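Working notes, beginning with the structure itself.
Here the structure is a predicted model, which is why all the values come from computation and not from measurement.
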Amino acid sequence: MKRWILYFPAVLMLCFIFSLSCGPRTAFAAEEIDLSVTALADFGAPSQTTTAEVKIWFTGAKSTYYLFLPSMAEEGVLQVHYANVPSIELNGLPVSSGDTTDLFASGEDVEMKVGNKTYTLKVMR
């Protein structure tokens with residue numbers, strides 16, 4: 001039996017994996033957007049400032065993110081963090097990762113644009 005027959009499945013698998021990792025990526029899938037929002041609460045003194053992660057749930061069928069604000073969150077003091085995408089816009093305004101924004105009011109919908117895709121952010125408390 002020839003030796004190359006033994007290595008053929010492994011070479012075939014490596015070619016398949018390599019083909020998946022090549023090529024340009026122009027669209028962003030929702031699961032590729034590493035989005036997080038941090039709620040800040042200031043209780044008077046700098047030592048009394050606290051943070052909490054905002055819970056985020058995504059439904060792909062409607063391209064909608066649901067943000068659940070903790071009760072301690074001040075709606076005007078939310079930091080947006082994202083990765084894996086070059087930039088985002090919230091309600092038409094460019095937002096850099098780490099920016100603080102007051103766009104997330106409870107009960108409001110926020111439009112998030114990433115490249116040529118648009119998502120809805122529904123804010124709940």
Side-chain angles (χ1 to χ4, degrees):
M1 184 180 218
K2 296 186 179 184
R3 293 187 92 157
W4 69 269
I5 293 175
L6 297 174
Y7 298 111
F8 183 73
V11 171
L12 188 62
M13 181 61 78
L14 287 173
C15 290
F16 176 73
I17 292 170
F18 181 75
S19 70
L20 291 177
S21 65
C22 293
R25 298 180 74 149
T26 56
F28 300 105
E31 58 272 12
E32 292 176 340
I33 303 171
D34 184 9
L35 177 69
S36 67
V37 179
T38 303
L40 306 175
D42 184 6
F43 297 108
S47 62
Q48 294 177 320
T49 299
T50 187
T51 64
E53 283 296 312
V54 173
K55 300 295 182 192
I56 299 175
W57 182 67
F58 177 75
T59 175
K62 297 181 180 180
S63 295
T64 302
Y65 285 89
Y66 293 88
L67 279 68
F68 299 95
L69 302 179
S71 60
M72 52 69 76
E74 296 179 37
E75 292 182 359
V77 192
L78 296 177
Q79 283 184 330
V80 178
H81 304 274
Y82 58 88
N84 304 333
V85 294
S87 64
I88 65 171
E89 290 182 5
L90 298 176
N91 286 346
L93 302 171
V95 176
S96 297
S97 185
D99 281 356
T100 301
T101 181
D102 61 354
L103 295 175
F104 299 114
S106 183
E108 297 291 323
D109 289 354
V110 176
E111 180 184 272
M112 179 175 73
K113 190 169 184 177
V114 180
N116 60 352
K117 295 197 71 141
T118 302
Y119 302 92
T120 301
L121 303 176
K122 293 192 174 281
V123 183
M124 303 178 175
R125 187 175 291 269

* Any side-chain heavy atom of Asn91 within less than 4.5 Å of one from Val110? -> yes

* Report the distance from atom CG of Leu67 to atom CZ of Phe58, rounding to the nearest 0.5 Å. => 12.0 Å

* Asked: For Lys122, what residues pass the side chain to side chain donor-acceptor pair (under 3.5 Å) criterion, not counting sequence neighbours?
  -> Asp109

* Spatial distance of atom CE (Met112) from atom OG1 (Thr64) [nearest 0.5 Å] -> 10.0 Å

* Tyr66: what forms a ring pair (Phe, Tyr, Trp, His ring centres under 6.0 Å) with it, not counting sequence neighbours? -> Trp57

* Asked: Do any N or O atoms from the side chain of Ser63 and from the backbone of Tyr119 form a donor-acceptor pair under 3.5 angstrom?
  -> no

* For Val85 and Ile88, which heavy atoms make the closest approach, and how far apart are they? -> CG2-CG2, 4.0 Å

* Please round to the nearest 0.5 Å and tell me the distance separating atom CD1 of Ile56 and atom CG of Leu35. => 4.0 Å

* Structure fact -> Those residues at least two apart in sequence (or on a different chain) that pass side-chain contact (heavy atoms from CB on, under 4.5 Å) with Lys113 are Glu89, Thr118

* Structure fact -> dist Lys55:NZ -> Leu69:CG (nearest 0.5 Å) comes out at 12.5 Å

* To do: Using the test side chain to side chain donor-acceptor pair (under 3.5 Å), find all partners of Thr38 that sit at least two apart in sequence or belong to another chain.
  => Glu53

* **Residues in side-chain contact (heavy atoms from CB on, under 4.5 Å) contact with Leu93, at least two apart in sequence or another chain** => none

* Is it true that Val123 and Phe68 fall in one hydrophobic cluster, defined by side-chain heavy atoms closer than 4.5 Å? -> no

* To do: Compare all side-chain heavy atoms of Val80 with those of Ser97 and state whether any distance is below 4.5 angstrom.
  => no

